[in-house]
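Data first, discussion second: the structure below is written as structure tokens.
Naming: A, B, ... by sequence-line order, numbering from 1 per chain.
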There are 2 protein chains.
Amino acid sequence: MTGPHTDKRQAILDTALDLFCERGFHGTPTSMITREAGVATGTLFHYFRTKEALIETLYLDIKGEMREALYAHIETKDPIRAQIQRICANYIRWGAENPRKFQFMEQFCNAPQISAHAHEEGMAQFTFVHDIVRRGIDEGVLKPHPLGLQFAMFGASTAAVVRLILSRAGREAIDPLMDEAFDLIWDGIAAPAADQ
Amino acid sequence: MTGPHTDKRQAILDTALDLFCERGFHGTPTSMITREAGVATGTLFHYFRTKEALIETLYLDIKGEMREALYAHIETKDPIRAQIQRICANYIRWGAENPRKFQFMEQFCNAPQISAHAHEEGMAQFTFVHDIVRRGIDEGVLKPHPLGLQFAMFGASTAAVVRLILSRAGREAIDPLMDEAFDLIWDGIAAPAADQ
DNA sequence: ATCATAATAGACCGATTAGTCAATCTACCC
DNA sequence: GGGTAGATTGACTAATCGGTCTATTATGAT
């Protein structure tokens with residue numbers, strides 16, 4: 001799987017991730033990507049038809065990786081609270097361990113440079129979170145507010161915690177902050193009598 | 001205040017706001033801005049020294065405007081809960097009524113194209129929110145979590161509500177959603193006994 | 001009427017861009 | 001060793017970019 005083939009392609013993707021984060025899409029010339037990656041300009045366009053195709057591949061790769069991370073150790077049989085806590089912890093840990101990829105998603109998850117089709121495909125990966133929230137509402141564990149509202153607040157709050165952790169960059173352990181954050185989030189979305 | 005002077009300068013700012021939102025900073029040529037605004041290239045560089053100066057002016061203008069909106073009808077003597085509800089409502093209404101400006105702030109509030117100095121100056125406008133949250137924690141009305149965590153969650157949740165409203169673009173009244181959203185946010189950050 | 005200053009215009013310039021292309025290199029099969 | 005398909009290269013191009021410059025017009029004070 002790691003031949004001279006995969007190496008250069010991956011070097012281009014890795015370099016592009018860094019540069020797009022730091023300088024934006026149009027702010028990063030393809031010539032800069034290839035120079036930093038140590039390949040020729042032609043090599044980039046051998047693997048990716050256009051610059052847009054490159055960022056779209058990057059976007060879908062990372063979104064898939066993120067989905068895998070969020071989904072880890074989720075047991076459908078567990079109570080809703082435990083499942084949501086798991087997702088929350090998975091998200092925060094993934095973000096803290098992959099700051100570049102987290103930053104990339106924040107910057108480009110609504111960017112016009114990425115086709116609407118890719119945005120849809122990326123979103124579709126997270127229906128399992130939607131389903132869990134819906135079940136929580138149906139079972140009366142979560143407040144009966146609109147699903148979209150609950151989902152949006154849950155996602156936004158968790159992302160905010162990651163941002164906060166990254167801005168303090170390793171100056172404190174993340175585990176206690178993670179638990180405190182879940183308490184805040186849970187109290188917001190859970191029905192009064194149901195939080196254990 | 002509205003001479004032929006202010007007109008063209010404002011036309012450039014208005015057009016730049018739209019185009020930067022739709023296409024990003026580097027994705028928007030100055031020539032496109034001037035064409036859409038109906039002025040000559042020279043006129044843009046008469047009012048703004050560089051393209052960066054243009055976006056920085058836009059950024060600080062909007063951030064100031066936003067601060068004014070958030071601060072409206074805040075009475076220091078009111079209870080903390082009422083003040084936070086007011087800010088929350090002000091924010092959501094401003095975002096719903098100024099979708100372009102809201103989108104611009106989301107996209108560029110951490111963008112590298114805007115100087116660190118301008119970012120600082122922009123942030124400094126919102127210390128009054130910080131102060132209210134701190135007072136809430138001191139008085140025991142809000143949970144004793146770290147100020148940064150409380151502040152981040154409050155801001156992120158409110159922004160998420162605006163995003164939700166904008167994505168549904170006028171298909172429902174915003175007032176009920178606004179109240180529901182505040183309930184969620186408040187239950188998350190408030191101390192158990194203190195939500196009234 | 002005169003003059004100074006600011007507003008406006010758009011042709012123009014050097015630098016930079018995304019993407020091409022013909023040529024070479026590498027790896028592997030027979 | 002001969003052949004083939006894919007990987008790799010970097011000089012090259014047509015187009016576009018941010019910004020300059022000079023010229024012209026509008027405004028207003030005296």
From the set [options], return the single nucleotide nearest to any side-chain atom of [X].
X	options	answer
A:Thr41	D:dT8, C:dA9, C:dG19	C:dG19
A:Tyr47	C:dG19, D:dT20, D:dT8	D:dT8
A:Phe45	C:dA9, D:dT8, C:dA18	C:dA18

Inset, instruction - Mind listing the residues from residues 17-40 of chain A sitting with a heavy atom below 4.0 Å of DNA chain D? Number order is fine. - result: A:Val39, A:Ala40

Legend entry - A:Glu56 vs A:Phe48 side-chain heavy atoms within contact, under 4.5 Å: no

Inset, instruction - For residues A:Ile80 and A:Val133, determine if any side-chain heavy atom of one lies less than 4.5 Å from a side-chain heavy atom of the other. - result: no

Legend entry - Residue pairs passing the side chain to side chain donor-acceptor pair (under 3.5 Å) test where at least one lies in residues 22-35 of chain A, sequence neighbours excluded: A:Glu22-A:Arg100

Return the value, rounded to whole Å, for the distance between atom [atom1] of [X] and atom [atom2] of [N].
X	N	atom1	atom2	result
B:Leu44	C:dA7	CG	C1'	14 Å
A:Arg9	D:dT8	CZ	C1'	16 Å
B:Phe48	C:dT8	CZ	C1'	15 Å

Inset, instruction - For B:Asp61, check salt bridge (Lys or Arg N to Asp or Glu O under 4.0 Å) against everything at least two apart and list the hits. - result: none

Inset, instruction - Please name all residues satisfying salt bridge (Lys or Arg N to Asp or Glu O under 4.0 Å) with B:Asp14, sequence neighbours left out, ordered by chain then number. - result: none

Inset, instruction - Check whether any side-chain nitrogen or oxygen of B:His46 sits under 4.0 Å from OP1 or OP2 of C:dT8, and answer yes or no. - result: no

Inset, instruction - Using a cut-off of strictly less than 4.0 Å, decide whether B:Thr43 has a side-chain nitrogen or oxygen near OP1 or OP2 of C:dA7. - result: no

Legend entry - Members of residues 49-62 of chain A that approach DNA chain C, where some heavy atom sits under 4.0 Å away: A:Thr50, A:Lys51

Inset, instruction - Look at the side-chain heavy atoms of Ile, Leu, Val, Met, Phe, Trp and Tyr, link any pair under 4.5 Å apart, and say whether B:Leu147 and B:Val129 land in one connected group. - result: yes

Inset, instruction - Assess A:Arg67 against A:Tyr71: is NZ or CZ under 6.0 Å from the centre of the six-membered ring, and within 45 degrees of the ring's axis? - result: yes

Inset, instruction - Validate the cation-pi geometry between B:Lys8 and B:Tyr47: distance from NZ or CZ to the six-membered ring centre under 6.0 Å, angle to the ring axis within 45°. - result: no

Name the atoms and distances for all side-chain donor-acceptor pairs under 3.5 Å in residues 150-161 of chain A, with sequence neighbours left out.
residue	atom	partner	partner atom	Å
A:Gln150	NE2	A:Lys143	O	2.7
A:Ser157	OG	A:Met153	O	2.6
A:Thr158	OG1	A:Phe154	O	2.7

